[in-house]
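I have placed the structure first, in the form of structure tokens, so that the comments after it can refer back to it.
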Amino acid sequence: MLQAAIIGYGGMGKWHHDAISTQVKGITVTGIYDVREEANEEARAKGLKVYESAHDLFGDADLDLVIIATPNDSHKDYIIEGLHRGKHVVCEKPVVLKSEDLVEIMEVNETAPGLFTIHQNRRWDKDFQIVKTILEQDTVGKPYFIESRVNGSSVFLHGWRDYKINGGGMLYDWGVHLIDQALQLIPEKVTSVTAHLFNIHSQEVDDNVKVLLTFEGGTSMLLEVATNCFITAPRWHVSGKDGTFVINNWNCDGKIVQLADKSALKWESDIVYTSAGPTRTMAPRPVNTTVEKPLPHILDARGNEYHRWSSADIFYHNLIDAIRGEAALYVQPSEALRVMKVIEAAFASAEQGHGISCSI
Ligand code: NAD
């Protein structure tokens, strides 16, 4: 049984504790370190050991694994100390704020005995896995434009997320998940990044993010995170050569509309009078030239119906297998480095007011 401790026992720290307790037999969480007394009291009440300092925690020879779930600006030093002290380290996303810091960590990781991975849990979200499945099955042909959106209307960013010094803002928050998913979906180099970063209500950080990625093979992807959107757009809208599909929401309601067959690509059309005015190009397609299908029913990577802890189950069992030397880590630091580089290009694009050519 691996013994784990959590640094930062807030929203996500408690999530890791609950997820491991509920779903992961090979790991037990025994302690925490947090700078907040209420967090320490809560942990003590649950029977966890509360360390006086992170240094004490890293010095505990009984601990195998340290999970870092503190605000974004504090990850780097904790990761490096954990690796130097021989622990396996799981860090929340975004792993750090600058790619050069991750390169430094990766150098330490090369000679350290412990493993190091990043909690990119949204790779195992049901909506994302449906998109992956449809593209892998070539149901709508080659995708040329993919829209991935997370729209909310909370307006204000919570706590440290509202401050630049803590690595706040939505690009470092949901943006990291959407970029990681994009890079998983299209296994090609990113050749350009164009970003618009708004701060509509926040004084310091982006609270509305639009990032357009272009991939080497020609696919473009629009990523959007909004905290001030009052009419939610679909979570996914994917345009392929032979069809379109939409996933409307987190419940994964949606549909696929495919060309009935290749001969249905064209049909004889005369000018028609629509509410858009007289048009051929925008004339409604005859119904028998397309087929409407439901989204595929998919199970999680364990073969179960998706449930609250599916991603934790997959992530932590992979970590256990990797520690035993029986599997490679699903989330490699080199993948997080690509995400960081896209983020840096997005910040540069927003600041300079034009797209950034790249090869990431
Ligand atoms: P939070 O504010 O709820 O919790 C952070 C905790 O860290 C608090 O208890 C705070 O007291 C403590 N803390 C602050 N500075 C510290 C320090 N230097 N050392 C020790 N403890 C410290 O924040 P959160 O929402 O739990 O976010 C924590 C991390 O988890 C962030 O990196 C965030 O991006 C990430 N996160 C990931 C997901 C995901 O889906 N993977 C979801 C939410 C948050």
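We count ligands from 1, going down the list as the structure has it; atoms in each ligand are counted the same way. Throughout, residue positions are numbered sequentially from 1 according to the sequence presented.
- Aromatic ring centroids of Phe347 and Tyr172 lie under 6.0 Å apart.
- The His119 neighbourhood of ligand 1 comprises atoms 41 (N), with distances under 4.0 Å to a heavy atom of that residue.
- Ranking the protein heavy atoms by distance from atom 32 (O) of ligand 1 puts Asn72 OD1, 2.6 Å first.
- The part of His75 lying near ligand 1 is the side chain, judged by heavy-atom distances below 4.0 Å.
- In this structure, the protein non-hydrogen atom closest to atom 37 (C) of ligand 1 is Glu92 OE1, 3.0 Å.
- Per-residue contacts place Arg36 under 4.0 angstrom from the following atoms of ligand 1 (heavy atoms of the residue considered): 8 (C), 9 (O), 10 (C), 11 (O).
- In summary, the atoms of ligand 1 found under 4.0 Å from a heavy atom of Tyr9, numbered by their order in the structure, are 9 (O).
- Within 6.0 Å of the NZ atom in Lys14, the count of heavy atoms belonging to other residues, nucleotides or ligands exceeds 12.
- A donor-acceptor pair under 3.5 Å is absent between the side-chain atoms of Gln258 and the main chain of Val140, judged by distance alone.
- The protein atom (non-hydrogen) at minimum distance from atom 28 (C) of ligand 1 is Ala69 O, 3.3 Å.
- When only interatomic distances are considered, the shortest N/O to N/O separation between Pro71 and ligand 1 does not fall below 3.5 Å.
- Counting non-hydrogen atoms of neighbouring residues, nucleotides and ligands closer than 6.0 angstrom, the CD atom of Gln203 reaches no more than 12 such neighbours.
- With ring centers used as reference points, His88 lies 6.0 Å or more from Phe116.
- Nearest heavy-atom pair, Ala54 versus Ile7, reported as atom, atom and distance to 0.1 Å: CB-CD1, 4.3 Å.
- The two atoms that bring Asn151 and Cys229 nearest to each other are OD1-SG, 3.6 Å, heavy atoms only.
- Those atoms of ligand 1 with a heavy atom of His177 less than 4.0 angstrom away are 39 (C), 40 (O), 41 (N).
- The nearest heavy-atom contact from the protein to atom 23 (O) of ligand 1 is Trp160 NE1, 3.2 Å.
- Proximity of Glu37 to ligand 1, defined as any heavy-atom pair under 4.0 Å, is not found for any part of the residue.
- For the pair Lys76 and Glu104, the salt-bridge criterion is met [side-chain N within less than 4.0 Å of a carboxylate O].
- Annotation for Pro234 and Val246: closest pair CB-CG2, 3.6 Å, computed over non-hydrogen atoms.
- The protein atom (non-hydrogen) at minimum distance from atom 44 (C) of ligand 1 is Arg161 NH2, 3.2 Å.
- A salt bridge between Asp313 and Arg302 is present, with a side-chain N of the basic residue lying under 4.0 Å from a carboxylate O of the acidic one.
- For Lys93, heavy-atom contacts with ligand 1 shorter than 4.0 Å involve the backbone as well as the side chain.
- The closest non-hydrogen atom to atom 13 (N) of ligand 1, taken over Val35, Asn40, Ile7, comes from Val35.
- Between Trp124 and Trp309, the distance separating the two ring centers is not shorter than 6.0 angstrom.
- Ranking the protein heavy atoms by distance from atom 10 (C) of ligand 1 puts Asp34 OD1, 3.4 Å first.
- With salt bridges taken as basic N to acidic carboxylate O contacts below 4.0 Å, one links Glu37 and Arg44.
- Counting atoms of ligand 1 from 1 in the listed order, those under 4.0 Å from a heavy atom of Tyr33 are 19 (N), 20 (C).
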message: Walk me through whether Asp173 and Arg161 qualify under salt bridge (charged side-chain N to carboxylate O under 4.0 Å, His left out).
response: CA-CA 8 Å; Asp173 201 82; Arg161 281 180 174 74; 2.8 Å; yes
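- For atom 40 (O) of ligand 1, the nearest protein heavy atom (residue, atom name, distance) is Asn121 ND2, 3.2 Å.
- When heavy-atom distances to ligand 1 are checked against a 4.0 Å cut-off, Tyr172 has no atom that comes that close, whether in backbone or side chain.
- Taking any N or O of Thr70, backbone or side chain, at least one lies under 3.5 Å from an N or O belonging to ligand 1.
- Among protein heavy atoms, the minimum distance from atom 18 (N) of ligand 1 is reached at Tyr78 OH, 3.4 Å.
- The atoms of ligand 1 that sit less than 4.0 Å from any heavy atom of Gly11 are 1 (P), 3 (O), 4 (O), 26 (O).
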